[in-house]
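Data first, discussion second: the structure below is written as structure tokens.
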Amino acid sequence: MQDFCSSEEYNQRPTWDEYFLMLAKLAATRSTCLAFPVGAVIVKNKQVVATGYNGSPSGSAHCTTQGYCYPGLSSCDASKILPSRAVHAEANAIAQAAKYGISTESASIYVTLEPCLSCLKLIISAGIKEVFYETSFNSGEKALVRDSFIKEGLVTINQVQLSEAIATKAAASLLGSTSIST
């Protein structure tokens, strides 16, 4: 029986960015959106202050129950008339902080998908200064608008990737008990 982990195993601790990105990935597992499950975590002084995931508004029928945004659709963009019903993960995290009176001034947000322009504007307006994301989303004209916000110094945006070693360690810890010695 081993009482302590080896120094090599201990040194496989996730960086702060990896840690918060993994929490955002866990939040995404609560998403009720069938098209783009996304998770978000707002962090201030290395402490989680709010989380969010995308899906229909609180109290409304979930897409996982009725199938996409509206009953009978084969995908979220199958209707050219009806808009998405989803509240984005970033908006839900900011709303959660607001609901409980938690300031997001000078905070950071970690998201599994780069924020759309609407969410980026909301993030900036909420006083969040740093965005960390896993998967790119904006391109073309949208990227130009995003880049103008960065150039104005309103926000910084960084892509974060999990190392394979950290992802493997996290998966093992999710699948087994983490609080018993082996």
For Gln159, side chain to side chain donor-acceptor pair (under 3.5 Å) partners two or more places apart: none
For Ile109 against Ala40, the heavy-atom pair lying closest together: CD1-CB, 4.2 Å
Minimum-distance pair of heavy atoms, taken over all atoms of Asn138 and Cys116: OD1-CA, 4.1 Å
Shortest non-hydrogen separation from Ser163 to Glu18 and the atoms involved: N-OE2, 3.0 Å
Any residue meeting side-chain contact (heavy atoms from CB on, under 4.5 Å) with Gln96, in chain and number order, not counting sequence neighbours: Ala50, Thr51, Tyr100
Donor-acceptor contact present, side-chain Asn54 to main-chain Val38, <3.5 Å: yes
Stepwise side-chain contact (heavy atoms from CB on, under 4.5 Å) test for Asp17 and Asn158: CA-CA 10 Å; Asp17 289 342; Asn158 300 289; over 6 Å; no
Co-membership, hydrophobic cluster, residues Val49 and Leu21, 4.5 Å side-chain: no
Qualifying salt bridge (charged side-chain N to carboxylate O under 4.0 Å, His left out) pairs, either residue in residues 134-162, two or more places apart: Lys25-Glu134, Glu114-Arg146
Nearest-0.5 Å distance, CZ of residue Arg30 to CG of residue Asn92: 11.5 Å
Geometric class of the Trp16/Tyr19 ring pair [parallel <30°, tilted 30-60°, perpendicular >60°]: perpendicular
Option passing side chain to side chain contact (heavy atoms under 4.5 Å, CB included) with Ile128 (candidates Leu154, Ile94, Val155, Leu122): Ile94
Distance-minimising heavy-atom pair for Ile42 and Ala107: CG2-CB, 3.8 Å
Ile150 reachable from Ile123 in the ILVMFWY side-chain graph, under 4.5 Å edges: yes
Approximate separation, where rounding is to 0.5 Å, of Ile124 CD1 and Cys119 SG: 11.5 Å
Side-chain heavy-atom pair Phe20, Val48 within 4.5 angstrom cut-off: yes
Shortest non-hydrogen contact between Ala97 and Thr104, atoms and distance: CB-CG2, 3.7 Å
Single-linkage hydrophobic cluster, 4.5 Å side-chain cutoff, Val131 and Val160 together: no
Nearest heavy atoms of Ala28 and Gly39, plus distance in Å: CB-N, 3.4 Å
Where at least one partner belongs to residues 87-113, residue pairs that pass salt bridge (charged side-chain N to carboxylate O under 4.0 Å, His left out), sequence neighbours excluded: none
In one Ile/Leu/Val/Met/Phe/Trp/Tyr side-chain cluster, 4.5 Å: Leu26, Leu113: no
Check: Tyr53 main-chain N/O paired with Ser31 side-chain donor or acceptor under 3.5 Å: no
All pairs passing ring-ring contact (aromatic ring centres under 6.0 Å, His included) where residues 122-168 contributes a residue, at least two apart: Tyr110-Phe132
Partner residues of Thr112 under the side chain to side chain donor-acceptor pair (under 3.5 Å) criterion, sequence neighbours left out: none
pair Val145-Leu120: side-chain heavy atoms closer than 4.5 Å: no
Interatomic spacing from OG1 in Thr29 to CG in Leu174 - rounded to 0.5 Å: 9.5 Å
